Every structure is written in C-alpha cells, then in structure tokens.
Amino acid sequence: QVSLVESGGGLVQAGGSLRLSCAASTHTSDITTVGWFRQAPGKEREFVAAINWDYDKTAYADSVQGRFTISRDHAKTTVYLQMNSLKLHDTALYYCAAGRIHTDFTTQLWYRYWGQGTQVTVSS
C-alpha cells in the first residue's frame, strides 16, 4: 500500500506563489503517474496537472497552463506543483493522486492512491 502526503499549502495574496509537495511512502512500479486535483467549496473536484515518467509527459488544465509547473524529484519520490501568479479562483483543497496510468491523466477514476489534501487560499 502506498500513502501520499501533501504539504506546502497556505494563505497567499493574489499574484503570489506557492509550491506544493506530494511525497510517496515508497517506490513502486504501481505508480507511473502523479496528478494534482483541486476542489473548491461547492464545486466538484477537478484536474489541475499530471506528470508521467514512463513517457516523460506532463499535462495541465487550461486554467493553470503557463502559471503552474509540475515536476518530480526522483531520489525523494516527491512530486512538486509550483504555482505562480495565483488568482482568487485558485483557492481550493489540493489533492495529489497516483496510479499506473499511461493515457488520460485527467480522469480521477484511474488514480488508485490519494492524499488527504492541502488547503490553498488566495486572498485579494
């Protein structure tokens, strides 16, 4: 069993930056993709970004393209989400998720492991 732990959330002013981290408890061939999702109050959880290392691919939601960057630290089994130029509508609970996924990184159903989430609040 793999556990995921997110960190790095907090309160930031609009235009500011945060870096989220997702640490996995162990290396496993059961994981080829890590994704970030977010859920704002009263809204459904939505895809933010994903990274796949089998095919060296990344994917981003249109709403964060050009502002967020997902990356991976191989040695530490950690995936990062660098969030720049934060906007009010980026406020949400951010989850990382992992699974053995080769295509369609945006679909939550394919992710087997989920973290508990880290809160990001952007203020004006």
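Numbers here simply count residues along the sequence, with the first being 1. Predicted, not measured: the structure shown is a model, and the values here were computed from it.
- For the residue pair N84 / S17, a side-chain donor-acceptor distance below 3.5 Å is found, with atom types taken as modelled.
- At least one side-chain heavy atom of D30 sits less than 4.5 Å from a side-chain heavy atom of R112.
- Proximity of L11 to S123: side-chain heavy atoms (C-beta onward) are separated by under 4.5 Å at one or more points.
- Taking 4.5 Å as the limit, every side-chain heavy atom of Y55 sits out of range of all side-chain heavy atoms of T32.
- N52 places no side-chain N or O within 3.5 Å of a backbone atom of F105 that could act as its donor or acceptor partner.
- In this structure, the ring of F37 has its center no less than 6.0 angstrom from the ring center of Y95.
- Closest non-hydrogen pair, L88 versus S124, comes out as CD2-N, 3.6 Å.
- A donor-acceptor pair under 3.5 Å is absent between the side-chain atoms of Y94 and the main chain of V48, judged by distance alone.
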- request: Go through the steps for Y80 and R19 under the test side chain to side chain donor-acceptor pair (under 3.5 Å), then give the verdict.
  value: CA-CA 7 Å; Y80 302 99; R19 189 177 80 157; 4.6 Å; no
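- Atom CE in M83 sits 4.5 Å away from atom CG in L18 (nearest 0.5 Å).
- Within 6.0 Å of CD in Q116 there are 12 or fewer heavy atoms belonging to other residues, nucleotides or ligands.
- Atoms CG and CG, on L81 and L20 in that order, are 5.0 Å from each other to the nearest 0.5 Å.
- One N or O on the side chain of T91 and one on the backbone of V122 form a donor-acceptor pair closer than 3.5 Å.
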- prompt: Are R38 and E46 close enough, and set up right, to give a side chain to side chain contact (heavy atoms under 4.5 Å, CB included), and what steps lead you there?
  reply: CA-CA 5 Å; R38 67 186 182 187; E46 64 176 5; 2.7 Å; yes
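- The minimum heavy-atom distance between Y60 and T69, with the atom names listed, is OH-CA, 3.4 Å.
- Between the side chain of Q108 and the backbone N or O of R45, at least one donor-acceptor pair lies under 3.5 Å.
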message: Between T106 and D104, is the side chain to side chain donor-acceptor pair (under 3.5 Å) condition met? List the steps.
response: CA-CA 5 Å; T106 66; D104 193 12; 3.2 Å; yes
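- A donor-acceptor pair under 3.5 Å is absent between the side-chain atoms of E6 and the main chain of C22, judged by distance alone.
- Across Q119 and L93, no two heavy atoms sit closer than the pair N-CD1, 3.7 Å.
- Contact annotation: the side chain of T103 never approaches that of W110 to less than 4.5 Å [non-hydrogen atoms, C-beta and beyond].
- Residues R67 and K87 form a side-chain contact, since some pair of their non-hydrogen atoms from C-beta on lies under 4.5 Å apart.
- Between the CD1 atom in I31 and the OH atom in Y113 there is a gap of 6.0 Å [rounded to 0.5 Å].
- G99 and Y111 make their closest contact through N-CD2, 4.2 Å (heavy atoms, listed as atom of the first residue, atom of the second, distance).
- A cation-pi geometry, defined here as NZ or CZ lying under 6.0 Å from the six-membered ring centre and within 45° of its normal, does not hold between R100 and W53.
- Residue W114 places its CH2 atom among more than 12 non-hydrogen atoms of other residues, nucleotides or ligands, all under 6.0 Å distant.
- Heavy-atom contacts from other residues, nucleotides or ligands closer than 6.0 Å to CG of D54 number more than 12.
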- request: May I have the step-by-step check of side chain to side chain contact (heavy atoms under 4.5 Å, CB included) for T26 and V2, ending in yes or no?
  value: CA-CA 6 Å; T26 182; V2 177; 4.0 Å; yes
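- Looking only at distances, no side-chain donor or acceptor of Q82 sits under 3.5 Å from a matching main-chain atom of F68.
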